[in-house]
Amino acid sequence: MRVMVLVKASPESEAGALPSTEVLEAMTRFNDELVNAGVLLAGDGLRPSSTGVRVRFDGPQRTITDGPYTDAKELVSGYWVWQVRSVDGAVEWLRRGPFDGGTEIEIRPVFEADDFGEAFTAELRARDDRQRATVAARQS
């Protein structure tokens, strides 16, 4: 199963504070473990919300709101996508992570094609497969 691992923002990350060399080294070691185990599929840190925008959809209307956003604990400062056997397996990996200081991380399973049942028709599955193949080819 794939899971998205969401690292919640902090006042420091929202202020644009960059991690120290020691933190970067620890995170790189952890990422090496994930890569070597075949768990890590993707991941990155995100810039503060002050550099982003939100788009709200209401019928044909689109409302654009520039950051920053006020509630840092509801924001994300980084993410991974992992391939694991279960959510419990993801928790076990996360326990090894180099986190401290009240860091909060959320793990959420990613929908897979079979989760959508009959609504995800053979034609839609084929189109989804083509899209994924195109994206993978562009990343190579």
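Note that the structure is a prediction, hence the values are computed from the model and not measured.
- Residue-environment remark: CZ (F57) exceeds the threshold of 12 foreign heavy atoms within 6.0 Å.
- Scanning both residues, D115 and E112, for their nearest heavy atoms gives OD2-N, 2.7 Å.
- Atom CG of L75 is separated from atom CG of L6 by 11.5 Å, given to the nearest 0.5 angstrom.
- Neither side chain, W80 nor D44, offers a donor N or O lying under 3.5 Å from an acceptor on the other.
- Annotation for R62: atom CZ counts as buried by contact number, over 12 foreign heavy atoms lying within 6.0 Å.
- Placement of M4 and F111 in two distinct hydrophobic clusters is found when ILVMFWY residues are connected by side-chain heavy-atom separations under 4.5 Å, directly or transitively.
- For the pair P109 and M1, the tightest heavy-atom approach, listed with the atom from each and the gap, is CB-CE, 3.9 Å.
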Q.
If you apply the rule side-chain contact (heavy atoms from CB on, under 4.5 Å), what do you find for F30 with E25, and how did you get there?
A. CA-CA 9 Å; F30 182 56; E25 286 174 350; over 6 Å; no
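- With hydrogens and angles left out, the side-chain atoms of E12 and S10 include a donor and acceptor closer than 3.5 Å.
- Between Q83 and V39 there is no side-chain heavy-atom pair separated by less than 4.5 Å.
- Here the shortest heavy-atom pairing between V7 and T103 reads CG1-CG2, 4.4 Å.
- Listed here is the closest heavy atom pair of A119 and L124: O-CD1, 3.6 Å.
- Distance check: E104 CD to S77 OG gives 11.0 Å after rounding to the nearest 0.5 Å.
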Q.
Using the rule given for side-chain contact (heavy atoms from CB on, under 4.5 Å), can you reason through I105 versus L94, listing the C-alpha separation, both sets of side-chain angles and the distance that settles it, and then say yes or no?
A. CA-CA 9 Å; I105 299 178; L94 202 50; 3.5 Å; yes
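- Clustering ILVMFWY residues whenever any of their side-chain heavy atoms sit less than 4.5 angstrom apart, transitively, puts V84 in the very cluster that holds V87.
- Side-chain atoms of T134 come within 3.5 Å of backbone N or O of R130 as a donor-acceptor pair.
- The shortest side-chain heavy-atom distance between F99 and M27 falls under the 4.5 Å cut-off.
- Note that R96 lies in the cation-pi zone of W93, set by a 6.0 Å cut-off to the ring centre and a 45° limit from the axis.
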(Q) Before you tell me yes or no, could you show the steps for L24 and R29 under side-chain contact (heavy atoms from CB on, under 4.5 Å), namely the whole-Å CA-CA distance, both residues' side-chain angles and the distance that decides it to 0.1 Å? (A) CA-CA 9 Å; L24 291 171; R29 279 192 304 275; over 6 Å; no
Q: Check step by step if side-chain contact (heavy atoms from CB on, under 4.5 Å) holds for I107 and V91.
A: CA-CA 8 Å; I107 301 170; V91 169; 3.8 Å; yes
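- To the nearest 0.5 Å, atom CZ of residue R47 and atom CG of residue L18 are 8.5 Å apart.
- Using a cut-off of 4.0 Å between Lys/Arg side-chain N and Asp/Glu carboxylate O, R132 and D128 are scored as salt-bridged.
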Q: Could you check R108 against E106 for salt bridge (Lys or Arg N to Asp or Glu O under 4.0 Å), going step by step and ending with a plain yes or no?
A: CA-CA 7 Å; R108 306 238 332 248; E106 180 178 345; 3.5 Å; yes
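- Residues R54 and Y69 approach most closely at N-OH, 2.9 Å, considering heavy atoms.
- With hydrophobic clusters built from ILVMFWY side chains whose heavy atoms lie under 4.5 angstrom apart, V76 does not share a cluster with V3.
- If you check the side chains of E14 and S49, you find a donor sitting under 3.5 Å from an acceptor.
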